[in-house]
Structure formats: C-alpha cells, structure tokens
Amino acid sequence: MGIYLNPNNVLLKQARNSEIFIDKSMIIAETNRLLNSEDKFLCVSRPRRFGKSMAGNMISAYYSKGCDSRKLFKDLKIAQHPSFEKYLNKLNVIKIDLNGEYMMLKDKSRLIDVVSESVKAELSEQFGISFSPDDSLAWSLLKVYTKTNETFVIIIDEYDVLVREEAPQSLFKDYLTFLNSLFKNSTLSPAISLAYLTGILPIVRDKIQSKLNLFTEYSMTNAGCLTEFVGFTAEETKGLCEQYGMDYEECRRWYDGYNMKTIKEIFSPRSVVSAMQNREYNCYWTQTGSYEALKLYILMNFEGIKDDVVTMIGGGKVDVNVYKYLNTMTDFHSKDDVFTYLIHLGYLAYDSETKQCYIPNSEIREQWVISVEYEADYKPIIKLINDSKQLLEATINKDAAAVAAALTESHMRTTNPLTYNNEASFQSAIGLAYFYANLKYTVIKELPTGKGYADLALIPYVPNIPAMIIELKNNKSAESAINQIREKKYDDLLEHYRGRMLFVGINYDEKTKEHECVIEEIEVRS
C-alpha cells in the first residue's frame with residue numbers, strides 16, 4: 001500500500017460515513033466491461049462538485065490491491081453484479097491527484113519529475129525492481145510488466161489542472177511528453193488494464209488531443225453510458241426528499257435541468273445534498289465559486305451574445321455549436337465557444353436533440369442575474385426583472401391594460417430591432433417579463449396538447465394564487481388567443497389542478513408595436 005501505488009480505501013470509507021451517500025457503484029460495472037479492451041481509456045469531465053473525485057476514489061478502492069474493500073461494497077449495487085468478484089482488489093492501481101500535486105509544489109516546474117519519481121519509488125519497493133534516474137515512469141511500468149506480467153489501472157484526477165491554471169509552456173510541454181509516453185506507447189499498452197482521467201474540461205484539442213486521441217470522452221455534452229453517474233437522478237432525488245421531508249417539485253425547480261440524451265432529469269448533487277442537510281432550498285453549488293468566473297465570459301464582446309444571454313435568463317434556449325470549442329481557457333473565438341465552455345462548467349445545460357443550450361434551474365439563473373446586475377448593457381434587463389413582480393400581480397388581479405403595457409415595454413427592452421417581429425423574440429420577452437413567476441409557479445413553456453401548444457402555463461406551488469395559461473398571437477387579436485385556449489382545452493391537461501385559473505390572451509401588432517391583452521377567469525372543480 002502506497003500513496004500512489006495501490007492506495008487504501010479510506011476516502012471511500014469517509015464517503016460511506018457521510019450523512020448522505022448515493023450509491024453510484026454501478027459505474028464499476030461499466031469500467032469492468034471496458035477493462036482490458038480497446039475502449040479501456042476513459043476521460044470523464046464534469047463541473048466542480050459533481051462527484052468526479054468520489055467516483056475515482058470508488059474505482060480505486062474497488063481495484064486496488066492495497067486494501068480489502070469487500071465490506072464497503074457488500075451492500076452496494078455493484079456487489080450483485082456478475083463481475084464484482086472477478087476484479088475486487090485484484091489489480092494494481094496508480095492514483096494521482098494532479099491538482100493536489102500541483103498546488104502543493106513550491107517549484108511547480110518540477111511537477112512531472114516529482115510525480116514520476118514518487119511513483120517509481122513505490123514501484124521499486126513493491127516489485128523489487130531498480131530503476132535508473134533516466135527511466136521515465138512509462139519505461140518503469142514497462143519493466144514491471146515485462147518481469148512480472150502485472151497490469152495497472154491508472155487514475156488521474158483533475159488531469160486538466162495545467163490547462164485551467166494556464167501553466168507555463170515549458171511545464172505544459174513536459175506534461176504532453178508524460179501523457180504521450182503513458183498512453184500512446186503501443187508497447188506499454190498491454191500493461192494498462194484501464195486508464196480513467198477526470199477533469200472539468202474535455203480533452204484539449206490541438207494540444208493534448210493528439211496525445212489522448214485513443215480516449216473516449218464522457219462529458220456534459222455527451223455522457224454516453226456514464227450518464228446516470230453525472231449527478232443525481234430523479235429517482236435518487238425523490239428518495240432523499242422523502243427521507244428528509246422536502247418538497248420534490250421545489251427541488252426540481254432549484255436543482256434539476258441537466259437533461260441528457262438518455263436520462264432527462266439530472267440534478268446538481270452538491271446542491272441537493274446541502275438542501276437536504278440544511279432543510280432549506282437555497283444557492284449552494286454556486287457558493288463554491290465566484291460569480292466573476294461566469295461574468296467574465298458573459299460580457300465577452302461576441303456578436304449576438306447579449307441577445308442570447310437575455311433569451312436564456314428569460315427561460316429560453318439558444319442554438320449552440322459545441323464542436324468548435326478547443327476546450328481551453330484562452331481560445332474563445334465566438335459565442336459558441338463561450339457557451340460550450342459554460343456548459344462544461346455547469347452554468348448552462350445542453351439539449352443534444354435540439355443542439356441548444358439553456359440555464360438549467362433557478363439556482364443557476366440567479367447567478368446569471370447577479371453576474372449582469374451592475375453592467376450598463378444589461379441595466380434595462382435587470383429593471384425588467386425587478387418589474388416582473390408588478391406584472392405578475394397585475395395578471396393575477398386581471399388588470400389587462402397594465403399587462404399589455406408591461407409586455408410592450410419588455411418586448412422593446414429585450415429585443416434587437418432586427419428581430420423585433422420574430423416570434424421567438426416575442427416569446428423570450430414574455431418569458432423574461434414573467435421572471436418573478438418562477439418564485440411562485442412551475443413555468444412550462446409550450447404545454448403540449450393533442451391539437452397544439454399553449455405558449456406558457458404557470459402552475460402555482462404556493463397557495464391562494466391562480467394557475468394561468470398564456471397564449472400568444474401575432475397580428476390577430478387577444479380575443480382569438482382566448483378562443484384558442486377554449487377550443488384546445490388546455491386546462492384539461494391540468495387534470496390534477498383544482499381552483500382558480502386564468503386564461504391570458506395576448507396579441508402583438510407588428511405595425512403599431514403594441515400589445516393587447518384579455519384575461520378571463522374560470523374555476524376548475526373536481
């Protein structure tokens with residue numbers, strides 16, 4: 001048992017001793033499936049506090065010959081899997097926390113040398129093999145494999161720290177040589193049973209990519225078979241809400257939204273755990289980092305970025321090309337690069353089906369608002385957000401004239417003159433104008449029916465306020481919008497709702513640039 005070679009399982013023990021522990025052990029079934037195959041190279045990227053290190057610690061505790069982890073796993077899901085016994089504590093593990101190593105070193109230029117020599121020393125002690133000072137870590141592993149036929153699981157946590165810290169080029173060059181010797185060495189490859197890299201960013205293109213092009217990437221834009229391990233699933237979160245007596249729907253509003261291709265509800269794990277422990281929904285994940293990190297990129301001067309930021313703060317989605325970004329901290333050439341970076345950081349979510357990004361939940365949306373609150377270009381938007389409380393009250397009070405006037409102002413403030421008459425811009429303006437509604441309602445855009453969509457449905461989660469169905473029209477009439485709500489019977493979809501409901505018909509006249517509103521109240525009874 002060493003610090004790097006065949007570490008103990010104390011980190012998994014600490015996780016198991018935590019008040020809240022969600023069983024993500026089936027990730028081991030996936031790594032077992034890939035073990036000793038051509039797909040044995042994994043690069044797993046996640047935002048901070050999304051469980052990257054915990055998963056690495058679990059994988060290490062399972063494979064490492066330096067400990068006996070049977071008791072730690074016996075009540076977890078993986079213990080029932082057919083592959084569990086086959087590899088339990090039967091492989092050599094080399095585990096390197098690259099971020100920890102980098103931060104501890106006073107002379108950071110020696111990072112690769114220090115890590116290599118430390119691991120070599122443990123290899124020499126464990127296997128009784130001498131290495132010369134000129135032997136690289138890769139060459140040392142090859143010597144061990146040749147003489148003993150022992151193979152290794154290599155885990156590098158925070159592999160991208162040198163990218164994020166913008167390390168000197170000389171150190172970065174050493175790092176590329178280190179990676180190349182470990183993972184692009186066909187002679188050494190049989191000695192590696194599994195390589196598991198974690199980071200916030202996927203593999204950096206043009207710099208590291210050629211060194212790691214044999215790795216399969218599992219990221220926030222495509223998590224593949226590891227999707228269920230990105231964060232907490234709906235089932236896992238529901239279980240915690242029941243255990244702690246917390247409202248699940250409110251938890252969804254606060255922390256859900258990282259919807260993946262195969263799993264449509266992924267929750268921020270740090271936030272859910274903190275909310276359960278504190279018995280209060282609040283901003284937790286965003287407290288672990290500065291809003292300046294978000295602000296810096298939102299304010300980059302790329303064409304169209306402000307309009308898209310406004311759209312997303314208002315609850316909309318915007319198109320994004322996630323394939324152009326080079327996965328660096330410096331090479332930003334367009335708003336696509338900015339938004340893709342923010343997806344990897346967790347400040348945006350990605351819809352792989354529509355190729356769009358959006359702000360995932362209330363916790364993150366609040367951070368976006370804070371980030372632009374005092375910026376001159378966004379002051380009209382902040383005023384609109386602050387005024388949205390009055391708009392909601394006017395709607396609840398059925399003051400149609402006040403609603404129409406507020407929506408005209410919202411449309412004018414939030415929309416680029418070139419896209420003023422665009423339907424999507426109109427919908428975005430409405431969403432932003434009703435920003436405050438998120439504090440009292442579940443806001444559903446395009447509520448589906450058999451005959452079409454309602455543009456906006458507001459379902460209350462606090463008492464004594466009405467539900468609302470809002471229908472938008474262009475160049476027609478507000479009354480025609482009301483008639484459409486009646487004809488399509490949108491209220492039938494809210495079969496579990498009982499109480500007051502408002503039909504809100506809104507029409508926008510492109511010639512006058514004015515809005516008209518009609519509000520009708522009904523009572524939904526059982």
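Just so we're clear, the structure is a prediction, and the values are computed from it rather than from any experiment.
The pair K238-E235 fails the salt-bridge criterion, with no side-chain N (NZ, NE, NH1 or NH2) lying under 4.0 Å from an Asp/Glu carboxylate O. Ionic pairing of E236 and K24 is present here: one or more N-O contacts between side-chain nitrogen and carboxylate oxygen are shorter than 4.0 angstrom. For the pair D377 and K306, the salt-bridge criterion is not met [side-chain N within less than 4.0 Å of a carboxylate O]. Taking a cutoff of 4.0 Å between a charged side-chain nitrogen and a carboxylate oxygen, E375 and K295 qualify as a salt bridge. A salt bridge does not link R486 with E471: none of the charged nitrogens is closer than 4.0 Å to a carboxylate oxygen.
Annotation: F339 is not in aromatic contact with Y297 [ring centroid separation under 6.0 Å not met]. Between F50 and Y258, the ring centre distance stays below 6.0 Å.
With a 6.0 Å radius and a threshold of 12 heavy atoms from other residues, nucleotides or ligands, K389 has its NZ atom at or below the threshold. Within a 6.0 Å radius of CG in N17, other residues, nucleotides and ligands contribute more than 12 heavy atoms. Shown here is N301, whose CG atom has no more than 12 heavy atoms of other residues, nucleotides or ligands within 6.0 Å. Annotation for K108: atom NZ counts as buried by contact number, over 12 foreign heavy atoms lying within 6.0 Å. Remark: E19 CD is packed, more than 12 non-hydrogen atoms of other residues, nucleotides or ligands lying under 6.0 Å away.
N361 contributes a side-chain N or O that, together with a main-chain N or O of D256, makes up a donor-acceptor pair within less than 3.5 Å.
Take D337 and apply the salt bridge (Lys or Arg N to Asp or Glu O under 4.0 Å) test, not counting sequence neighbours, and it matches no residue.
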**OP:** Check step by step if side-chain contact (heavy atoms from CB on, under 4.5 Å) holds for Y441 and L392.
**Re:** CA-CA 11 Å; Y441 289 87; L392 182 61; 3.9 Å; yes
Original post:
Run the salt bridge (Lys or Arg N to Asp or Glu O under 4.0 Å) check on K473 and E516 step by step: do they pass?
Top reply: CA-CA 10 Å; K473 290 293 182 184; E516 173 196 12; over 6 Å; no
